Amino acid sequence: MTKMLVAMTLALGVLAAPALAGETTVTLAVRNWYCAACPHVVKESLAAVPGVTNVAVSDKTKTAVVTFDDTKADVQALIKATTEAGYPSFPYSEGMLWP
C-alpha cells in the first residue's frame, strides 16, 4: 500500500510539472547601444534564443523587455545572447540609475 502511494505521488508530480512552467518577462539594460542598427541587432539576438516569445526594445532607455518560456530559456541565456552580439546586458530594476 505504501509503495503504491509513493508511486502515485511521483506520477502526479511528473504530470503536474508542466503546469509549473510559465511565461516569464524580464527587462534587460543593454550596454554598447550607440547607433541606429543597435535596436535591431539586440532584438534579433534575443529573438533567436529558443523559448523567447516576444522582444520589445527601447532606443530611448536602452532596454529590452523579453518574454520567454522559462522551461526553455533563462535570464542567463538572454544575457549570453546579447553579450555575444556585442551588447552586454543585465537585469534592469525600476529606479536603477542608468546613464
Side-chain angles (χ1 to χ4, degrees):
M1 178 78 164
T2 304
K3 287 183 182 181
M4 189 167 108
L5 283 174
V6 170
M8 287 176 53
T9 302
L10 289 174
L12 286 174
V14 169
L15 292 174
L20 298 176
E23 200 172 73
T24 301
T25 300
V26 65
T27 301
L28 298 175
V30 184
R31 299 256 186 225
N32 297 344
W33 185 322
Y34 304 112
C35 68
C38 294
H40 177 73
V41 174
V42 170
K43 185 172 184 170
E44 292 302 310
S45 68
L46 290 166
V49 176
V52 170
T53 57
N54 190 44
V55 180
V57 296
S58 171
D59 193 36
K60 180 180 177 183
T61 61
K62 311 293 191 251
T63 58
V65 179
V66 186
T67 304
F68 60 96
D69 179 341
D70 61 13
T71 64
K72 297 178 182 175
D74 59 19
V75 175
Q76 287 307 109
L78 303 176
I79 290 170
K80 181 179 178 189
T82 62
T83 301
E84 287 180 354
Y87 301 89
S89 64
F90 55 92
Y92 176 83
S93 298
E94 205 56 44
M96 177 184 283
L97 294 177
W98 183 242

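Everything numeric here is computed off the predicted structure, so don't read it as measured data.
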Take Trp33 and Val57, measure what side chain to side chain contact (heavy atoms under 4.5 Å, CB included) needs, and give me the verdict at the end.
CA-CA 11 Å; Trp33 185 322; Val57 296; 3.8 Å; yes

Might you point out which heavy atoms bring [X] and [Y] nearest each other, and give the distance in Å?
{"X": "Val52", "Y": "Ala47", "value": "CG1-CA, 4.1 Å"}
{"X": "Tyr92", "Y": "Ala29", "value": "CB-N, 3.8 Å"}
{"X": "Ile79", "Y": "Pro91", "value": "CD1-CD, 3.9 Å"}
{"X": "Ala85", "Y": "Val41", "value": "CB-CG1, 4.2 Å"}
{"X": "Pro50", "Y": "Ala73", "value": "O-CB, 3.3 Å"}
{"X": "Pro88", "Y": "Asn32", "value": "CD-ND2, 3.3 Å"}

List the steps, then state whether side chain to side chain contact (heavy atoms under 4.5 Å, CB included) holds for Val75 with Phe68.
CA-CA 9 Å; Val75 175; Phe68 60 96; 4.2 Å; yes

Within-4.5 Å side-chain heavy-atom neighbours: Val65 and Ser58:
no

Walk me through it: do Leu46 and Leu28 pass the test side chain to side chain contact (heavy atoms under 4.5 Å, CB included)?
CA-CA 11 Å; Leu46 290 166; Leu28 298 175; 4.2 Å; yes

Nearest 0.5 Å, what's the [atom1]-[atom2] distance between [X] and [Y]?
{"X": "Thr83", "Y": "Arg31", "atom1": "OG1", "atom2": "CZ", "answer": "11.5 Å"}
{"X": "Glu23", "Y": "Asp70", "atom1": "CD", "atom2": "CG", "answer": "9.0 Å"}
{"X": "His40", "Y": "Ser45", "atom1": "NE2", "atom2": "OG", "answer": "10.0 Å"}

Criterion side-chain hydrogen bond (donor to acceptor under 3.5 Å, both in side chains) against Thr67, the qualifying member of Thr25, Thr53, Thr24, Asn54:
Thr25

